[in-house]
Amino acid sequence: MEFEEPLAEPLKKKLEKVKELKKDGKDLYKSRFEKNTDIANIKAKYPDLKAGDRDETVFKIAGRVMSFRKHGKATFADIRDFMDKIQLYVSQREVGDRMYEEFLDIDIGDWIGVEGNVFVTHTGELSINVLKFELLSKAIRILPEKWHGLKDIEIRYRQRYLDFIVNPEVKKIFLTRIKIIDAIREFLRGRGFSEVETPMLQLIPGGAAARPFITHHNALDIDLYLRIAPELYLKRLIVGGFEKVFELNRNFRNEGISYKHNPEFTMLEFYQAYADYNDMMDLTEELIKFVSMRSTGKLTTTYKGNEINLDGEWEKITMLDAIHKFGGVKLSFDNTIEELFLKAKELEIEVDKSMGKGKIINKIFETLVEPELIQPTFIKDYPIDISPLAKKHPENENLVERFELFIGGEEIANAFSELIDPVEQLSRFKSQVKSKFEEERITGRIDIDYLKALEYGMPPTGGEGIGVDRLIMLLTNSNSIRDVILFPLLRPES
RNA sequence: GGGCCGUUAGCUCAGACGGUAGAGCACCGGACUUUUAAUCCGGGUGUCGAAGGUUCGAUUCCUUCACGGCUCACCA
């Protein structure tokens, strides 16, 4: 038994008790228990029983003991299984002297299996009259307190199991997360999309501009990167003839941690041949409405104090129009760099002239507009120089057919009509690698194999990425990405 | 990385002019056959985040560090 700190007194006593029980030949850690129902089922079966009512059906349930109310020769206890909890009534008369003695050795936190029938107490609580019980697994550590719960946010993240044991609302968030993930798959499958798995270990980490995690393959003696995006592989599949594919899995980015960034996070990417970014907008709107209904049963949510309505048609507006509308600033690509630079300065937005027009405009957009985009809004037609994989806009060579979806002031989705011209793709890659700033962030290597794939011909395609954790934050009103990731990354304890 | 805040019992939290700390729950001992924050009687179980410094004396004051939170920067 390994304890990192000197043993606190209660812990020592627990260990002594366990030693005693073992010495008496008790098996404290059993192999199995045959349940025949869940607590929630029992509760559902007897909605109308009144005080004094009783049913002789024998149920076998199991769970963790959460509390005791001991009364000498009879004891009440609450046990909890995955979804529900119920009160046990154990009396010496019913279970006999020896078993009752054994029950008094049970501690809060222990797992037990129980056989008993249902009755309702004087105070009207549906309870299990215990006929037999069995200790399944002994707890040595003492659980956090029962009505203040566990508030220390650091312990909640580091020991998430305690968070689940003590804070029921946390479990609710993750159950919603599970429903959201299921609903995404259900929706896309229903639309004829195939779920695929592409490499997480990549030779060239492409599809985004973030610093990658580096690892090493010993047998091949090569460095590999954990993927920052699956994009370039999914598009290879489109070249190979797949028409609708999606991948719902982890990406890894070696960047800062914040309320909306975890080094590993869940990304949905989907690609549809013959579709453009307008089609993707329609699909996105339907997807998120479907997911919201399936997971929360409604089309409204509250996020950071804002009421958000997902119903109705979502607004679509170009980036430049949005800057005009929300920021009152009229910008265009006819402005010189100097003019854009001065405009940004005037707005107290930090930019420098090496950034290029697109980047400055985007920065202004992020500062002035993003926080205002509370209700679902598609921002479309992004600057070309910040969108190396998107198709050029037919009406303006400075723009691409790209949109981002914002809800609650957060970026939820990013999509475009894919750039499928291999010659143009090469020159875009080159100009991207050119700037010194980018060079630090990108490995500097162009994915020649991806270009080769394009050279074989890729059909017109719409592609999109959705930050699933952020979507979950939105639908569960969670202020931090750590509240929707089971085991978020923390610095190791000293 | 910068700024601000936090770290006291298993948990939630008090507290002190600088004189080695106290509540509730949990825990330990006892009473109790319908309680549900059960009740009643008895028991504090602690490296006051860590290390230095000042001091007769530091958990308290100072410095540094660790971890966490918020925020700014960064993350197209």
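Remember, it's a predicted structure, so these values are computed and weren't measured experimentally. Residue numbers begin at 1 in each chain, while the letters A, B, ... track the order of the sequences.
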Query raised in the report: Is the NZ atom of K172(A) crowded by more than 12 outside heavy atoms at less than 6.0 Å?
Result: no
**Report entry** By ring pair (Phe, Tyr, Trp, His ring centres under 6.0 Å) - contacts of F164(A) (at least two apart)
**Finding:** F174(A)
Query raised in the report: Looking at residues at least two apart in the chain, or sitting in another chain, which of them share a ring pair (Phe, Tyr, Trp, His ring centres under 6.0 Å) with Y271(A)?
Result: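 If we apply the ring pair (Phe, Tyr, Trp, His ring centres under 6.0 Å) test to Y271(A), skipping adjacent residues, there are no hits.
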Phosphate OP1/OP2 of [N] contacted by [X] side-chain N/O (<4.0 Å):
X: K260(A); N: C74(B); value: no
X: R158(A); N: C67(B); value: no
X: K14(A); N: U45(B); value: no

Separation of [N] [atom2] from [X] [atom1] (nearest whole Å):
X: K146(A); N: A26(B); atom1: NZ; atom2: P; result: 4 Å
X: R141(A); N: C27(B); atom1: CZ; atom2: P; result: 16 Å
X: H261(A); N: U71(B); atom1: NE2; atom2: P; result: 13 Å
X: I108(A); N: C11(B); atom1: CD1; atom2: P; result: 15 Å
X: M66(A); N: C25(B); atom1: CE; atom2: P; result: 17 Å
X: E101(A); N: U33(B); atom1: CD; atom2: P; result: 13 Å
X: I257(A); N: A73(B); atom1: CD1; atom2: P; result: 18 Å
X: I153(A); N: G68(B); atom1: CD1; atom2: P; result: 12 Å

When the [atom1] atoms of [N] and [M] are considered, how many whole Å apart are they?
N: C5(B); M: A9(B); atom1: C1'; answer: 24 Å
N: A21(B); M: U45(B); atom1: P; answer: 10 Å
N: G10(B); M: A50(B); atom1: P; answer: 13 Å
N: G49(B); M: G42(B); atom1: P; answer: 32 Å
N: U20(B); M: U59(B); atom1: C1'; answer: 8 Å
N: U8(B); M: A58(B); atom1: C1'; answer: 15 Å
N: G52(B); M: G68(B); atom1: P; answer: 24 Å
N: G46(B); M: C11(B); atom1: P; answer: 13 Å

Of all residues at least two apart in sequence or in a different chain, which pass the side-chain contact (heavy atoms from CB on, under 4.5 Å) check with [X]?
X: L28(A); answer: V18(A), L21(A), K22(A), K26(A), L135(A), K138(A)
X: N335(A); answer: L331(A), S332(A), E339(A), L340(A)
X: Q87(A); answer: R69(A), F76(A), D78(A), T121(A), E125(A), S127(A)
X: A344(A); answer: I349(A), V351(A), I360(A), I364(A)

Report summary line: Applied to residues 463-473 of chain A, the salt bridge (charged side-chain N to carboxylate O under 4.0 Å, His left out) test, sequence neighbours excluded, yields R177(A)-D469(A)
Does the [N] base have a donor-acceptor partner in the side chain of [X] within less than 3.5 Å?
X: S91(A); N: U33(B); value: no
X: E145(A); N: G24(B); value: yes
X: Y89(A); N: U35(B); value: no

Mind checking if [X] touches a base, just sugar-phosphate, or nothing, with heavy atoms under 4.0 Å?
X: R253(A); result: nothing
X: G149(A); result: sugar-phosphate
X: I155(A); result: sugar-phosphate
X: I142(A); result: sugar-phosphate
X: P388(A); result: base
X: R156(A); result: nothing
X: F119(A); result: base

Query raised in the report: Taking only residues two or more places apart in sequence or in another chain, which ones pass salt bridge (Lys or Arg N to Asp or Glu O under 4.0 Å) with D163(A)?
Result: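 D163(A) satisfies salt bridge (Lys or Arg N to Asp or Glu O under 4.0 Å) with R156(A), R160(A) only.
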If you measure only the distance, is there a donor-acceptor pair under 3.5 Å linking the side chains of [X] and [Y]?
X: T75(A); Y: Y100(A); value: yes
X: T461(A); Y: E418(A); value: no
X: Y46(A); Y: D55(A); value: yes
X: N262(A); Y: R482(A); value: no
X: N414(A); Y: Y382(A); value: no

May I ask which nucleotide in the shown strands pairs with [N], Watson-Crick or G-U wobble, both distances under 3.5 Å?
N: G1(B); value: C72(B)
N: U34(B); value: none
N: G6(B); value: C67(B)
N: C61(B); value: G53(B)
N: A21(B); value: none

Query - Minimum-distance nucleotide (side-chain atoms of E154(A) versus C67(B), U35(B), C28(B)) - result: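 So the side chain of E154(A) is nearest to C67(B).
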Can you tabulate the close N/O pairs, meaning under 3.5 Å, that link protein atoms to atoms of nucleotides 1-4 of chain B?
none

**Report entry** Anti versus syn assignment for U20(B), with syn defined as within 90° of 0
**Finding:** syn
Report task. Using a 90° cut-off around 0 for syn, call C5(B) syn or anti. Result ->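 C5(B): anti.
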Query raised in the report: Is the aromatic ring of H122(A) within stacking range of U34(B), meaning centres under 5.5 angstrom and planes under 30 degrees?
Result: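 Stack criterion met.
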Requested in this report: Using heavy atoms to find the nearest nucleotide of RNA chain B for S67(A) and K17(A) separately, return the residue whose nucleotide is more 5′.
Outcome: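 Counting from the 5' end, the first nearest nucleotide belongs to K17(A).
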Query raised in the report: Distance-only, no hydrogens or angles: does the E348(A) side chain make a donor-acceptor pair with backbone N or O of K345(A) under 3.5 Å?
Result: no
Query raised in the report: Which residues in residues 68-87 of chain A have at least one heavy atom lying under 4.0 Å from any atom of RNA chain B?
Result: R69(A), K70(A), H71(A), G72(A), K73(A), A74(A), F76(A), Q87(A)
Requested in this report: Mind running a 4.0 Å heavy-atom check of residues 410-420 of chain A against RNA chain B and sending the residues that fall below it, in number order?
Outcome: none
Requested in this report: Using the ring pair (Phe, Tyr, Trp, His ring centres under 6.0 Å) rule, collect all pairs that involve residues 396-422 of chain A, keeping only residues at least two apart or in two chains.
Outcome: F365(A)-F406(A), F378(A)-F403(A)
